[in-house]
Amino acid sequence: KFPADADDVEHAIQFVNGNAAKYKVDPKRIALIGESAGGHLVSYVGARNRPDSRVAAVVSLYGVHDFISAAVAWKPVPHEILDLFGISAVDADTAAVLIKASPVIYITRDMPPFLLMHGSQDGDVPYQQSVEMCTRMKAAGAHCDLITIKGAPHGMDHWEPHPEFLWYKKALVDW
């Protein structure tokens, strides 16, 4: 349950930083990448940008960035979201935890650069989530690139069988 999942990511970064010499890792070049729920986690950790778990870059594939606007779009709110936060409904009593978990509220100019990739036909996480995050980051003076996979649904497993979507791999590596 949130926030234990995000704490795990931050502890992993701290472990890598603390053992960088041992594993021959340049701690100034650590990047996070995640898809779907993992996309939310890397965006959350990257946006919070805590001194002991800072990273050089974040790549979020179709992650939730604003749980309030997502909850408005979802009809109904997926049980996985309710379970993640230990709530039974989205209402005035539970909105605070959704806001706290939303990367959009942590945006600052000095956060790491973000690459957001999202399918325009995502039926699970609204495409507008990535548009909103990137727009807000740019407005704050932070670096964000949004790559839209036109016609793509939610999830790489749904992208892989379609050659017309596979260009995302080169775009990700080039970024």
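With contacts defined as side-chain heavy-atom distances shorter than 4.5 Å, the pair I149/W167 qualifies. Residues Y168 and I147 have side chains not in contact (no heavy-atom distance under 4.5 Å, counting atoms from C-beta outward). Using a 4.5 Å cut-off on side-chain heavy atoms (C-beta onward), V9 and D5 make no contact. The shortest distance between side-chain heavy atoms of H65 and S130 falls below 4.5 Å. Side-chain contact between M156 and L61: present, with at least one pair of heavy atoms (C-beta onward) separated by less than 4.5 Å. No side-chain heavy atom of D66 sits less than 4.5 Å from a side-chain heavy atom of I105. Looking only at side-chain heavy atoms (C-beta outward), V90 and I81 stay at 4.5 Å or farther from each other.
Between the side chain of S53 and the backbone N or O of E10 there is no donor-acceptor pair closer than 3.5 Å. Side-chain atoms of H154 do not come within 3.5 Å of backbone N or O of P126 as any donor-acceptor pair.
Heavy atoms only, all atoms of each residue included: P103 and M133 are closest at CB-CE, 3.8 Å. Scanning all heavy atoms of the two residues, the minimum distance from P153 to H158 falls at CG-CB, 3.6 Å. What you find for I30 and V25 is that their closest heavy atoms are CG1-CG1, 4.4 Å. A pairwise comparison of heavy atoms in A6 and L41 identifies N-CD2, 3.6 Å as the closest pair. Here the closest non-hydrogen pair linking S102 and I68 is OG-N, 4.4 Å. Of all non-hydrogen atoms in A140 and I107, the two that sit nearest each other are CB-CG2, 3.6 Å.
No single ILVMFWY cluster, assembled from side-chain heavy atoms under 4.5 Å apart, contains both I33 and M137. Each of Y44 and M117 belongs to its own hydrophobic cluster when Ile, Leu, Val, Met, Phe, Trp and Tyr are linked at side-chain heavy-atom distances under 4.5 angstrom. Clustering ILVMFWY residues whenever any of their side-chain heavy atoms sit less than 4.5 angstrom apart, transitively, puts L115 in a cluster other than the one holding V131. V64 is connected to L32 through a chain of hydrophobic side-chain contacts under 4.5 Å among Ile, Leu, Val, Met, Phe, Trp and Tyr, so both are in one cluster. Put simply, V72 and I87 are part of two different groups of oily side chains (I, L, V, M, F, W, Y) that touch within less than 4.5 Å, one to the next.
Contacts of R54 classified as salt bridge (Lys or Arg N to Asp or Glu O under 4.0 Å), with partners at least two apart in sequence or in another chain: none. Checked against side-chain contact (heavy atoms from CB on, under 4.5 Å), Q121 has no partners two or more places apart in sequence or in another chain. Not counting sequence neighbours, F15 has no partner by the ring-ring contact (aromatic ring centres under 6.0 Å, His included) test. F85 meets the ring-ring contact (aromatic ring centres under 6.0 Å, His included) test with F2, F67; sequence neighbours excluded. For the side-chain contact (heavy atoms from CB on, under 4.5 Å) test, residues two or more places apart in sequence or in another chain that qualify with P3 are D7. In this view, D157 satisfies the salt bridge (Lys or Arg N to Asp or Glu O under 4.0 Å) rule with no residue, not counting sequence neighbours. Residues that satisfy the side-chain contact (heavy atoms from CB on, under 4.5 Å) test with D110, not counting sequence neighbours, are N49, T108. With sequence neighbours left out, the side-chain contact (heavy atoms from CB on, under 4.5 Å) criterion links H162 to E164, F165.
Side chains of S69 and Q129: a donor-acceptor N/O pair is present below 3.5 angstrom, by distance only.
Sorted by first and then second residue, the salt bridge (charged side-chain N to carboxylate O under 4.0 Å, His left out) pairs involving residues 91-105 (not counting sequence neighbours) form an empty list. Every pair passing ring-ring contact (aromatic ring centres under 6.0 Å, His included) that includes a residue from residues 119-144 is listed here, sequence neighbours excluded: H118-Y127. Residue pairs meeting the salt bridge (charged side-chain N to carboxylate O under 4.0 Å, His left out) criterion with at least one member in residues 124-140, sequence neighbours excluded: E132-R136. The side-chain hydrogen bond (donor to acceptor under 3.5 Å, both in side chains) analysis of residues 11-26, with sequence neighbours excluded, yields the pairs Q14-D52.
With rounding to the nearest 0.5 angstrom, the CD atom of Q128 is 7.5 Å from the OG1 atom of T135. Rounded to the nearest 0.5 angstrom, E160 CD and L166 CG are separated by 5.5 Å. The NZ atom of K150 sits 6.5 Å away from the OG atom of S120 when rounded to the nearest 0.5 Å. Note that CG of D174 and NZ of K170 are 3.5 Å apart. Values are rounded to the nearest 0.5 Å. Atoms CZ and OG, on F114 and S43 in that order, are 4.5 Å from each other to the nearest 0.5 Å. Separation of atoms SG (C144) and CG (L116) is listed at 4.0 Å; rounding is to 0.5 Å.
Ring pair W159/Y62: centre-to-centre distance below 6.0 Å.
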Original post:
Given V59 and V42, is the side-chain contact (heavy atoms from CB on, under 4.5 Å) satisfied, shown in steps?
Top reply: CA-CA 7 Å; V59 178; V42 300; over 6 Å; no

Subject >> Stepwise side-chain contact (heavy atoms from CB on, under 4.5 Å) test for V55 and V45 >> reply: CA-CA 9 Å; V55 294; V45 170; 5.7 Å; no

